[in-house]
Amino acid sequence: MTMGGHQIMKIYKTANYYEMSRKAANIISAQVILYPRSVLGLATGSTPVGVYEQLIRWYDKGDIDFSQVHTINLDEYCGVPGESVQSYCRFMQRHFLSKVNIKPAHAHIPDGMTTDVDAECRRYDALIEALGGIDLQLLGIGHNGHIGFNEPGAAFEKMTHCVALKDSTRRANARFFDSHMDVPEKAVTVGIRQIMWSKQILLIASGKEKQDILHQALHGPVTPQVPASILQMHPRLTVVYSE
Ligand code: F6R
């Protein structure tokens with residue numbers, strides 16, 4: 001984890017969700033064009049959907065080739081089968097992976113159906129290490145400041161681990177389920193330590209309801225109570241947001 005030293009934080013405010021998505025997609029496509037073998041850290045949720053749509057458009061035009069790219073997703077619910085519409089595995093297939101030429105064997109996501117969650121976490125850690133770490137990590141931010149599923153109070157030094165989701169997170173994600181009670185209580189997430197090891201981080205946020213937590217994360221004290229605040233210490237953080 002880089003503490004102190006030379007942090008370069010670039011913040012781009014964009015006019016709307018579409019422009020946020022285009023700007024973020026531009027940064028990702030520049031990475032892939034310059035470094036075709038990049039390891040991309042990817043996120044699910046509502047915020048990155050427009051980024052994926054834009055990348056798919058450019059892929060369709062022949063402007064980006066993902067054939068050598070590896071992807072590492074941040075997180076997955078425990079106990080939700082990969083084929084289920086609520087799984088992050090299915091989400092990634094539907095919104096991105098099935099629409100571009102990323103090789104299935106190159107697309108990685110934690111297995112939330114494992115019977116040995118500790119072994120799965122260690123497998124994921126080893127995989128990230130074997131790939132040489134993440135070159136560009138795309139992140140959204142939760143209303144409570146979480147990144148991945150690293151909830152407030154999470155230790156900054158954690159690697160991939162199983163988390164109990166906060167009630168606020170389960171309520172925020174209830175829109176993808178029949179009710180908030182159906183949202184799983186646990187998830188596997190990449191840890192903050194690994195997120196901070198990424199060579200570059202791209203944080204995106206959109207909507208009025210994200211502005212306060214984004215401001216706290218970028219300009220407030222660095223504290224586990226706002227997990228995203230640790231990103232202030234990253235040497236190459238780019239933030240793209242719209243109100
Ligand atoms: C998703 C993830 C989460 C989301 C965050 C924001 O893989 O790791 O941290 O980025 O919950 O979600 P949305 O974009 O739905 O507001």
Side-chain angles (χ1 to χ4, degrees), residues 14 16-18 20-21 24-25 28 40-54 71-78 80 82 85-97 107-112 121 124 128 134 136-154 156 158 160-177 180 183-184 186-196 198 201-214 216-217 224 226-231 237 239-243:
T14 55
N16 51 43
Y17 178 78
Y18 177 75
M20 178 203 74
S21 303
I28 295 171
L40 301 179
L42 299 181
T44 59
S46 303
T47 317
V49 170
V51 178
Y52 296 139
E53 284 171 359
Q54 187 64 67
T71 62
I72 293 277
N73 260 83
L74 278 168
D75 41 20
E76 178 62 284
Y77 290 120
C78 289
V80 177
V85 278
Q86 283 112 358
S87 78
Y88 283 175
C89 178
R90 178 86 180 268
F91 177 100
M92 287 309 298
Q93 288 300 333
R94 194 173 40 160
H95 290 285
F96 188 50
L97 296 171
H108 308 286
I109 188 153
D111 175 9
C121 292
Y124 215 62
I128 296 172
I134 292 162
L136 174 58
Q137 175 68 60
L138 177 65
L139 291 177
I141 180 170
H143 295 95
N144 62 8
H146 72 214
I147 45 177
F149 273 139
N150 296 280
E151 297 279 40
F156 286 149
K158 284 214 167 138
T160 308
H161 61 289
C162 179
V163 282
L165 299 177
K166 297 266 184 205
D167 200 51
S168 56
T169 297
R170 294 180 66 223
R171 282 181 195 281
N173 289 2
R175 64 192 190 280
F176 300 114
F177 292 82
H180 123 255
V183 182
K186 289 187 172 168
V188 171
T189 185
V190 164
I192 289 181
R193 188 176 182 137
Q194 286 149 312
I195 292 174
M196 289 299 283
S198 311
I201 293 182
L202 174 57
L203 174 66
I204 55 174
S206 171
K208 291 236 177 319
E209 72 290 352
K210 290 283 177 77
Q211 301 308 307
D212 182 46
I213 193 67
L214 184 64
Q216 281 184 55
V226 181
S229 64
I230 189 70
L231 301 176
L237 170 66
V239 184
V240 184
Y241 75 101
S242 68
E243 283 178 352

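Both counts, for ligands and for their atoms, begin at 1 and track the order of listing.
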Is ligand 1 under 4.0 Å from a heavy atom in the side chain of R175, in the backbone, in both, or in neither? side chain

Can you list the atoms of ligand 1 that are under 4.0 Å from a heavy atom of G140? 10 (O)

Could you list the atoms of ligand 1 found under 4.0 angstrom from a heavy atom of G45? 14 (O), 15 (O)

Can you list the ligand 1 atoms lying under 4.0 Å from a non-hydrogen atom of K210? 6 (C), 13 (P), 16 (O)

Return the set of residues passing ring pair (Phe, Tyr, Trp, His ring centres under 6.0 Å) with Y52 (not counting sequence neighbours), or none when no residue passes. F96

As an exercise, identify every atom of ligand 1 less than 4.0 angstrom from a heavy atom of L74. 8 (O)

Just so I know, are the side chains of I213 and H143 near enough to count as touching, which here means a heavy-atom distance under 4.5 Å? no

Using a 4.0 Å heavy-atom cut-off, which part of T44 comes near ligand 1: side chain, backbone, both, or neither? both

Among all protein heavy atoms in this structure, tell me which lies nearest to atom 14 (O) of ligand 1, with the distance rounded to 0.1 Å. T47 OG1, 2.4 Å

Taking all non-hydrogen atoms of both residues into account, name the closest pair between P227 and N150 and its distance. CG-O, 3.3 Å

Under the ring-ring contact (aromatic ring centres under 6.0 Å, His included) rule, what do H180 and F177 come out as? Steps first, then yes or no, please. CA-CA 7 Å; H180 123 255; F177 292 82; over 10 Å; no

Only counting residues at least two apart or in another chain, list the ones meeting side chain to side chain contact (heavy atoms under 4.5 Å, CB included) with A164. none

Within-shell test, H143 vs ligand 1, heavy atom, strictly < 4.0 Å: no

Check: C162 main-chain N/O paired with K186 side-chain donor or acceptor under 3.5 Å: no

Hydrogens and angles aside, do S242 and S206 bring a side-chain donor and acceptor to less than 3.5 Å of each other? yes

Indicate, as side chain, backbone, both or neither, the part of D75 found under 4.0 angstrom from ligand 1 when only non-hydrogen atoms are considered. side chain

Can you name the atoms of ligand 1, numbered from 1 with element, that are less than 4.0 Å from a heavy atom of G148? 2 (C), 3 (C), 8 (O), 9 (O)

So, is H146 polar-close to ligand 1, with some N/O to N/O distance under 3.5 Å? yes

Check Y17 against V49 and note the closest heavy-atom contact, atom names and distance. OH-N, 3.6 Å

Heavy atom of the protein closest to atom 6 (C) of ligand 1 (residue, atom name, distance): I141 O, 3.4 Å

